[in-house]
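Positions are given from 1, in the same order as the sequence printed here. All values below come from the heavy atoms of this structure, side chains included, with hydrogens, waters and symmetry mates left out. None of these values were measured; they are calculated from a predicted model.
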Amino acid sequence: MIKLIDDINQLSVCLDIIHKSFETVAKEFHFTKENCPRHTSFMPIEKLEEQFNNEYQMFLYSYKNNYAGFFSVHIEDNSLELNTLGVLPEYRRNGIGKEIIDFSKEYAATHNCSTIKISIVEENTKLRKWYESLGFKHTETKIIPDLPFTVGYMELTLKSI
């Protein structure tokens with residue numbers, strides 16, 4: 001079940017899921033608060049509050065009566081930007097990520113979006129291949145000076161109905 005976050009007081013639950021979900025990536029790629037303070041696994045509550053207050057729609061994913069995932073979306077220029085999609089490690093491999101992508105496709109279509117855009121750690125080839133298996137295409141990479149990884153951008157073109 002996917003639940004819209006409509007109360008800023010729920011953000012601490014969301015942040016806990018974000019930190020735990022992205023911690024595995026931080027460990028795998030050796031990101032620390034010192035070498036990569038902007039990585040999602042270290043996100044401060046203030047950033048989540050800022051997004052909440054700036055029209056990002058945030059969602060919790062519930063699996064067997066437990067919160068198992070989080071994601072947010074933001075619409076700009078007929079594109080849906082999918083952000084911070086995280087599934088807690090103990091709930092992975094249950095199809096939750098695909099359900100979130102399917103939900104995002106429907107959400108995008110109902111908001112007249114023609115594409116869904118995401119950004120990932122480019123070096124995370126396993127994640128990139130997973131997104132590609134769902135129809136996303138790699139569009140570009142960027143090197144951002146204060147990040148110890150390359151940012152990869154991907155896009156899913158939605159079929160018009």
Before you tell me yes or no, could you show the steps for I101 and L85 under side chain to side chain contact (heavy atoms under 4.5 Å, CB included), namely the whole-Å CA-CA distance, both residues' side-chain angles and the distance that decides it to 0.1 Å?
CA-CA 9 Å; I101 296 296; L85 191 167; 3.9 Å; yes
Would you give the length of the straight line joining atom [atom1] of [X] to atom [atom2] of [Y], rounded to the nearest 0.5 angstrom?
X: S79; Y: L156; atom1: OG; atom2: CG; result: 10.5 Å
X: N78; Y: T115; atom1: CG; atom2: OG1; result: 8.0 Å
X: L60; Y: C14; atom1: CG; atom2: SG; result: 4.0 Å
X: Q10; Y: K3; atom1: CD; atom2: NZ; result: 4.0 Å

Measure across [X] and [Y] and return the closest heavy-atom pair with its distance rounded to 0.1 Å.
X: L82; Y: I116; result: CB-CG2, 4.1 Å
X: S72; Y: M58; result: CB-CG, 3.9 Å
X: L15; Y: P44; result: CD2-C, 4.2 Å
X: S104; Y: V73; result: OG-CG1, 4.4 Å
X: A108; Y: L158; result: CB-CD1, 3.5 Å
X: H19; Y: T40; result: CD2-O, 3.9 Å

Compile the donor-acceptor pairs under 3.5 Å between side chains in residues 140-154 and protein atoms, sequence neighbours left out, one pair per line.
from : atom 1 : to   : atom 2 : distance (Å)
D146 : OD1    : R38  : NH1    : 3.0
D146 : OD2    : R38  : NH1    : 3.0
T150 : OG1    : E123 : OE2    : 3.0

Decide whether [X] and [Y] are clustered together by the hydrophobic rule: side chain heavy atoms of Ile, Leu, Val, Met, Phe, Trp, Tyr closer than 4.5 Å, transitively.
X: I100; Y: I75; result: yes
X: Y61; Y: L80; result: yes
X: I120; Y: M43; result: yes
X: I2; Y: I96; result: yes
X: F42; Y: L48; result: no

Who clusters with M1? Use side-chain heavy atoms, under 4.5 angstrom, across I, L, V, M, F, W and Y, and order the result by chain and number.
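Cluster partners of M1: none, it stands alone.
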Among residues at least two apart in sequence or on other chains, which ones pass side-chain hydrogen bond (donor to acceptor under 3.5 Å, both in side chains) with Y63?
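If we apply the side-chain hydrogen bond (donor to acceptor under 3.5 Å, both in side chains) test to Y63, skipping adjacent residues, the hits are N94.
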For N66, enumerate each residue passing the side-chain hydrogen bond (donor to acceptor under 3.5 Å, both in side chains) test, keeping only those at least two apart in sequence or located in another chain.
Y91
Show, in sequence, the C-alpha distance, side-chain angles and deciding distance for H39 and V25, and conclude whether the side chain to side chain contact (heavy atoms under 4.5 Å, CB included) test is met.
CA-CA 9 Å; H39 187 259; V25 176; 3.9 Å; yes
What pairs of donor and acceptor atoms, side-chain ones from residues 129-137 against any protein atom, are under 3.5 angstrom apart with sequence neighbours left out?
from : atom 1 : to   : atom 2 : distance (Å)
E132 : OE2    : R128 : NE     : 3.1
S133 : OG     : W130 : O      : 2.6

Do any pairs count as a salt bridge (charged side-chain N to carboxylate O under 4.0 Å, His left out) and have a residue in residues 80-98, sequence neighbours left out, and if so which ones?
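Listed once each, the pairs are K98-D102.
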Donor-acceptor check, side chain of S21 to backbone of I18, threshold 3.5 angstrom: yes or no?
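No, because the side chain of S21 does not come within donor-acceptor range (under 3.5 Å) of the backbone of I18.
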Can you check whether H30's main-chain N or O pairs, donor with acceptor, with N35's side chain at less than 3.5 Å?
yes
Between L127 and V121, does the side chain to side chain contact (heavy atoms under 4.5 Å, CB included) criterion hold? Intermediate values first, please.
CA-CA 9 Å; L127 183 62; V121 173; over 6 Å; no
Are Q57 and H111 packed together at the side-chain level, in the sense that at least one heavy-atom pair is separated by less than 4.5 angstrom?
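When only atoms from C-beta onward are counted, H111 and Q57 do not touch, as no gap falls below 4.5 Å.
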Can you confirm whether T84 sits close enough to F71 that some side-chain heavy atom of one is under 4.5 Å from a side-chain heavy atom of the other?
no
Between N54 and H74, does the side chain to side chain contact (heavy atoms under 4.5 Å, CB included) criterion hold? Intermediate values first, please.
CA-CA 9 Å; N54 285 304; H74 184 72; 5.7 Å; no
Using the ring pair (Phe, Tyr, Trp, His ring centres under 6.0 Å) rule, take F103 and F59 through it: C-alpha gap first, then chi angles, then the decisive distance, then the call.
CA-CA 11 Å; F103 175 89; F59 301 90; 5.1 Å; yes
More than 12 heavy atoms of other residues, nucleotides or ligands under 6.0 Å from CG of D7: is that the case?
yes
Does a donor on one side chain and an acceptor on the other come within less than 3.5 Å for H138 and E122?
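There is such a pair (donor and acceptor under 3.5 Å, judged by atom type) between the side chains of H138 and E122.
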